[in-house]
> 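This is the structure I want to talk about, given as structure tokens.
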Amino acid sequence: EVQLQASGGGTVQAGGSLRLSCVASGFLYDDYAIGWLRQAPGKEREGVSCIRPSHGTTYYADFVKGRFTISSDNAKSTIYLQMNNLKPEDTAVYYCAPGVCHSTGWATAGFWGQGTLVTVSS
């Protein structure tokens with residue numbers, strides 16, 4: 001059974017920080033790229049960031065570039081998303097998902113975990 005367990009969401013003021021975590025199990029973590037999606041209220045799901053754990057190639061959507069950092073702890077099959085200088089428009093449910101990842105963009109394999117809620121107040 002594939003599991004993607006995201007955690008670390010919460011409520012912060014604009015300008016604050018959070019760190020999200022995702023533990024992946026049930027598949028060969030080292031053979032997959034993995035990343036983060038988000039869905040804000042009333043909006044469609046959008047890609048945020050991804051990483052290729054085998055060599056560290058990363059991608060960031062323009063709307064988070066310079067504020068968010070993705071990283072991988074391969075021994076723990078865990079990825080992180082350090083979110084700094086949060087804005088109200090970052091409010092969303094954040095999901096982790098496997099897929100393909102390149103420096104110019106990424107696509108999921110078509111499934112993701114339950115997600116964790118991030119709320120940023122003005």
Side-chain angles (χ1 to χ4, degrees):
E1 179 181 349
V2 175
Q3 293 186 328
L4 297 154
Q5 302 178 88
S7 62
T11 301
V12 297
Q13 280 193 310
S17 297
L18 287 171
R19 189 179 76 155
L20 306 184
S21 301
C22 177
V23 180
S25 63
F27 61 96
L28 295 176
Y29 175 87
D30 291 347
D31 293 340
Y32 285 77
I34 193 165
W36 294 92
L37 311 169
R38 72 184 188 185
Q39 187 168 25
K43 299 183 68 176
E44 292 189 344
R45 206 175 299 109
E46 60 187 352
V48 177
S49 180
C50 63
I51 187 168
R52 299 187 70 184
S54 60
H55 55 79
T57 298
T58 59
Y59 161 81
Y60 297 94
D62 287 344
F63 52 81
V64 303
K65 195 170 296 182
R67 300 188 296 121
F68 293 7
T69 303
I70 192 169
S71 60
S72 175
D73 185 336
N74 295 349
K76 297 181 179 180
S77 296
T78 301
I79 60 165
Y80 305 92
L81 188 68
Q82 180 65 46
M83 309 164 68
N84 297 327
N85 192 24
L86 284 160
K87 303 175 180 180
E89 53 263 42
D90 295 319
T91 295
V93 177
Y94 286 70
Y95 305 86
C96 62
V100 294
C101 183
H102 302 281
S103 62
T104 55
W106 79 296
T108 75
F111 60 92
W112 43 83
Q114 182 176 354
T116 186
L117 176 63
V118 172
T119 302
V120 184
S121 61
S122 300

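Side chains are part of it too, since the values below use all heavy atoms of this structure and drop only hydrogens, waters and symmetry mates.
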> Nearest 0.5 Å, please: how far is OG in S49 from CE in M83?
10.5 Å
> Inspect the surroundings of CD in Q3 and state if more than 12 heavy atoms from other residues, nucleotides or ligands are less than 6.0 Å away.
yes
> What heavy-atom pair brings C50 and G105 nearest, and what distance separates the two atoms?
SG-O, 4.5 Å
> Do W106 and L37 make a side-chain contact, defined as non-hydrogen atoms from C-beta onward lying under 4.5 Å apart?
yes
> Identify the two heavy atoms, one from K43 and one from Q39, that lie closest to each other, and give their separation to 0.1 Å.
O-NE2, 3.1 Å
> Walk me through whether Y59 and S103 qualify under side chain to side chain contact (heavy atoms under 4.5 Å, CB included).
CA-CA 5 Å; Y59 161 81; S103 62; 5.8 Å; no
> If every non-hydrogen atom of W112 is compared with every non-hydrogen atom of A97, which pair is closest and at what distance?
CB-CB, 3.6 Å
> Using the salt bridge (Lys or Arg N to Asp or Glu O under 4.0 Å) criterion, which residues pair with E89? Sequence neighbours excluded.
none
> Strictly by side chain to side chain donor-acceptor pair (under 3.5 Å), give each pair with a member in residues 10-20 just once, sequence neighbours left out.
S17-N84
> Count I, L, V, M, F, W, Y as connected when their side-chain heavy atoms are under 4.5 Å apart, and connections chain through other members. Are I51 and L81 then in the same cluster?
yes
> Using 0.5 Å steps for rounding, measure from the CZ atom of R52 to the NE2 atom of H102.
6.0 Å
> In Å, rounded to the nearest 0.5 Å, how long is the span from OG of S72 to CD1 of I34?
8.0 Å
> So which atom in L18 and which in L86 form the shortest heavy-atom distance, rounded to 0.1 Å?
N-CD1, 3.9 Å
> Does any part of the side chain of C22, heavy atoms only, come nearer than 4.5 Å to the side chain of W36, both counted from C-beta?
yes
> Let me check something: do V48 and V120 share a hydrophobic cluster, defined by ILVMFWY side-chain heavy atoms less than 4.5 Å apart, either directly or through other members?
yes
> For the residue pair Y95 and G113, what are the closest heavy atoms and their distance?
CD2-O, 3.1 Å
> Quick one: closest heavy-atom pair of V64 and R38, and the distance?
CG1-NH1, 4.2 Å
> Mind checking the CG-CD1 spacing from L20 to I79? Nearest 0.5 Å is all I need.
9.5 Å
> What's the spacing between S25 OG and E1 CD if we round to 0.5 Å?
8.0 Å
> Answer whether the closest heavy-atom distance between the side chains of P98 and L4 falls below 4.5 Å.
yes
> Among residues at least two apart in sequence or on other chains, which ones pass salt bridge (Lys or Arg N to Asp or Glu O under 4.0 Å) with K65?
D62
> Count I, L, V, M, F, W, Y as connected when their side-chain heavy atoms are under 4.5 Å apart, and connections chain through other members. Are L117 and V12 then in the same cluster?
no
> Backbone N or O of V118 within a donor-acceptor pair of the D90 side chain at under 3.5 Å?
no
